[in-house]
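Sequence lines set the chain letters: A, B, ... in the order given, protein chains first and strands last, and positions in each chain run from 1.
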Amino acid sequence: MRPLAGPKVMNLKKYLDNEFERALTALGQADATAVVKQASKPEFGHYQANGIMGAAKKAKKNPRELAEQVAEYIREGKLKDLLELEIAGPGFINIRLNTAFLCRELENMTSDNRLGVTRFASEKILIDYSSPNLAKEMHIGHLRSTAIGDAAVRVLEFLGHEVIRANHVGDWGAQFGSLLAYMDKLESEGAQLATELKDLEIFYQSASSLFKSDEAFAARAREFVVKLQSGDKKCLGLWSRFIEESIRHCQAIYDLLDISLTPGDVKAESAYNDMLDPTLAELEEKGLITLSEGAKCVFLDEFIGKEGEPIPAIVQKSDGGYPYMATDIAAAKFRGQELGVDQALYFVDGRQSLHLNQLYAIARKAGFISAEQNFRHIPFGTILNKEGRPFKTRDGGAVKLADVADEAVTRALSLIGDKNPDLTEDEKQNIARIVGIGAIKYAELSKNRKTDYIFDWDTMLSFEGNTAPYLQYAYTRIRSIFRRADTTPEGINHPFALIEAAEISLALKLLQYPETLESVIEDYQANILCNYLFEVSQLFMSFYESCPVLKADEATRGARLRLCDLSARTLQHGLGLLGIKTVEQM
RNA sequence: GCGCCCGUAGCUCAACUGGAUAGAGCAUCGGCCUUCUAAGCCGAGGGUUGAAGGUUCGAGUCCUUCCGGGCGCGCCA
């Protein structure tokens, strides 16, 4: 099949939508939208234009007649050799792309190292994500913000944006009192702090149980809070040793999980301490502060509570201390004015939506954020336990993130031992890590971020069905074909040929990579990309079963090898954007 | 009480933002390894989309009310 000449289309859906919109305009329906979408069923072709019915209604025309006119217009235009149209139902236009057209697009995609994805105009976008509290060990709840935020970072960067990773870790506040008091106690008892801090989890627990059981210790802990805030030298020394160690622990988890955060992305709460006084003074100057019950509050009309009373946002406590609202306002000011971001996206648990909406409103009112700057909360649901109750960090029921990761790698390792005993120990270890970590990240990423979901070890660590290992497995099957063929993708010059239904379905799906990425960032839903990659894998698996590659005749073999290669590239790239690696064998 | 989020197959989730007969994966049942890795493939069963109204050519999706769940709502973060 000879590829058609023509311009690069890249985003099929957008391209078709534009063409149908032009047809509508030419037919006098300038304000109508074409609403071209991927076909909901294979019988309806590849795409469908749903906007004709709405347009006909506005123009008081018969929808099927208008559809006929639009179809006629398209059939006579530049697309005439590229597709077939069919009017269906009350006024749908079903679109079927010709295989010659698909082949041409496959050539374009293959020759593009961005797989057909064009760059957007670049904005400066800050992503606030992960942001663990250093007074506690990272638990399973942190995985959502961390994995989803990191995927958003990678996708936005790939689309050409300048992304600032912001790890707003909690390193300040009352909960550090007992930790510092405990450090002080250990030191006075002659213990080696360095060794004690090696296992932070034990350290956290000891400090916390002492706080509960020992009155005198609790009192000292409260003293340490005051000392810390007043800048006591010795206290600050203890504090920074603790913070350093704690950040090291977080970084180890990020590295293990293939999260792209580095120590350089940490900008902790305490980094804004010097900004708190002047920021508050500015709020006061602008008349936003009201003194209420001894605390400095901001009341805004948008936030009304019971019986119409305004809800306060406390920016300074009656004891003079600053709550996290103050820090967050200072951070917003820094991001808005110093960094000058176009957007700041906060990937934070949905339960904080009131707090964040208050924050944005205050920062806006104070002039810290301009009208053009988009500050937005990207919320997600809570992780529940098997009984459907939220995990509580206090009740000891929280699952440590490090434990989940270890268990995933262990399970993967034992499975690899069964499936592929010939691999070396090093290979097994490496594959186990990539597969196990991929599985738990994908378990988070593949769900709609807004809904609560139930944590279950077996679901999260499953390696079958719609999971990362399934996608990774599809990739290894392709790589295996190339190993057996003893050739590289670059060495093949045969043109694409789409004959079997499985080949056409797979090809079309691959060509939809660009439009998929665009819909991912419409509302930062990584699950759209997961779904897409799963569909690519499913279609590849079908193709793999029904279309032999290596045993086919020379031309078919070449064409299929190229389709395999494009599948592999798309899978590897898409998984990469999710922060999940691929392996050559598993 | 007020506000936000949610309710889809036994379970976990989709449904491209108003489109055609609501789809996958687990689990269950039945087939497929002398053929490129069976972490796979092919097939079957499984639904009053929490309930009732409304908007219109057309509703899981939009509006109202109700039921059920989660979370917020002055000095924790």
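Contact annotation for A:Asn94: base contact, defined as any heavy-atom pair under 4.0 Å involving a base atom. Using a 4.0 Å heavy-atom criterion, one finds that A:Gln48 contacts the bases of the nucleic acid, with or without backbone contacts as well. As judged by a 4.0 angstrom heavy-atom cut-off over every strand, A:Gln38 is placed among the base-contacting residues. Among the heavy atoms of the strands lying under 4.0 Å from A:Ala295 is at least one base atom, whether or not backbone atoms are also near. Heavy atoms of A:Thr476 sit under 4.0 angstrom from at least one base atom. Within the 4.0 angstrom heavy-atom criterion, base atoms lie near A:Ser318. Within the 4.0 angstrom heavy-atom criterion, no nucleotide atom of any strand lies near A:Gln512. Among the protein residues, A:Cys530 comes within range of no part of the nucleic acid, since none of its heavy atoms lies under 4.0 Å from any strand. As judged by a 4.0 angstrom heavy-atom cut-off over every strand, A:Ile478 is placed among residues making no nucleic acid contact.
Between B:C57 and B:A51, the two C1' atoms lie 26 Å apart (nearest whole Å). Nucleotides B:U12 and B:C2, compared at atom P, are 31 Å apart to the nearest Å. Between the C1' atoms of B:G69 and B:U8, the separation comes to 15 Å (whole Å). Rounded to whole Å, the separation between the P atoms of B:U65 and B:G3 comes to 10 Å. Comparing B:G30 with B:G19, their C1' atoms sit 36 Å apart, to the nearest whole Å. Rounded to whole Å, the separation between the C1' atoms of B:C4 and B:A15 comes to 24 Å. For the C1' atoms, the distance from B:C26 to B:C71 is 29 Å, rounded to whole Å.
Centroid-to-centroid, the aromatic rings of A:Phe380 and A:Phe347 stay 6.0 Å apart or farther.
The aromatic rings of A:His355 and A:Tyr324 sit parallel to each other, their planes meeting at less than 30°, with 60° as the upper class boundary. The aromatic rings of A:Phe375 and A:Tyr346 are tilted relative to each other, their planes meeting at an angle between 30° and 60°. Between A:Phe455 and A:Trp457, the angle of the ring planes goes over 60°, which puts this pair in the perpendicular group of the 30/60° scheme.
The base of B:A77 lies outside donor-acceptor range of the side chain of A:Asp349, with no N or O pair under 3.5 Å.
Dashed line: the shortest gap from a side-chain N or O of A:Arg64 to OP1 or OP2 of B:C57 is not under 4.0 Å. Proximity of A:Lys57 to the phosphate of B:C57: a side-chain N or O atom is located under 4.0 Å from OP1 or OP2. The side chain of A:Lys37 contributes an N or O atom lying less than 4.0 Å from OP1 or OP2 of B:U17. Residue A:Arg483 places none of its side-chain N or O atoms closer than 4.0 Å to OP1 or OP2 of B:U37. Within the 4.0 Å cut-off from OP1 or OP2 of B:G25, at least one side-chain nitrogen or oxygen of A:Gln538 is found. Note on A:Tyr470: a side-chain N or O is less than 4.0 Å away from OP1 or OP2 of B:C41. Side-chain nitrogen and oxygen atoms of A:Lys136 include none within less than 4.0 Å of the OP1 or OP2 phosphate oxygen of B:A77. The side chain of A:Thr382 contributes no N or O atom lying less than 4.0 Å from OP1 or OP2 of B:G70.
Ranking B:C41, B:C36, B:G25 by closeness to the A:Met541 side chain, first place goes to B:C41. Checking B:U35, B:C75, B:U17 against every side-chain atom of A:Glu293, the shortest atom distance belongs to B:C75. Of the candidates B:U12, B:C71, B:A77, B:U12 carries the atom nearest the A:Lys447 side chain, counting heavy atoms from C-beta on.
Nucleotide B:C16 forms a pair with no other nucleotide shown, judged by Watson-Crick or G-U wobble geometry with both contacts under 3.5 Å. With a cut-off of 3.5 Å on both Watson-Crick or G-U wobble distances, the partner of B:G74 is given as none. Nucleotide B:C41 forms a Watson-Crick or G-U wobble pair with B:G31, both donor-acceptor distances falling under 3.5 Å. Pairing of B:G7, defined by two Watson-Crick or G-U wobble distances under 3.5 Å, is identified with B:C67.
Under the 4.0 Å criterion applied to side-chain N and carboxylate O atoms, A:Asp523 and A:Arg376 are assigned as salt-bridge partners.
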I'd like to know whether A:Leu413 forms a side chain to side chain contact (heavy atoms under 4.5 Å, CB included) with A:Lys428, so could you lay out the CA-CA distance, the side-chain angles of the two residues, the decisive distance to 0.1 Å, and finally the verdict.
CA-CA 7 Å; A:Leu413 190 59; A:Lys428 283 185 200 167; 3.9 Å; yes

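You cannot call A:Phe92 stacked on the base of B:G19; the centres under 5.5 Å and planes under 30° rule is not satisfied. Look at A:Tyr473 and the base of B:G40; the rings do not stack under the cut-offs of 5.5 Å between centres and 30° between planes.
Anti is the conformation of B:C41, whose glycosidic angle sits further than 90° from 0.
If you check the side chains of A:Asn466 and A:Tyr442, you find a donor sitting under 3.5 Å from an acceptor.
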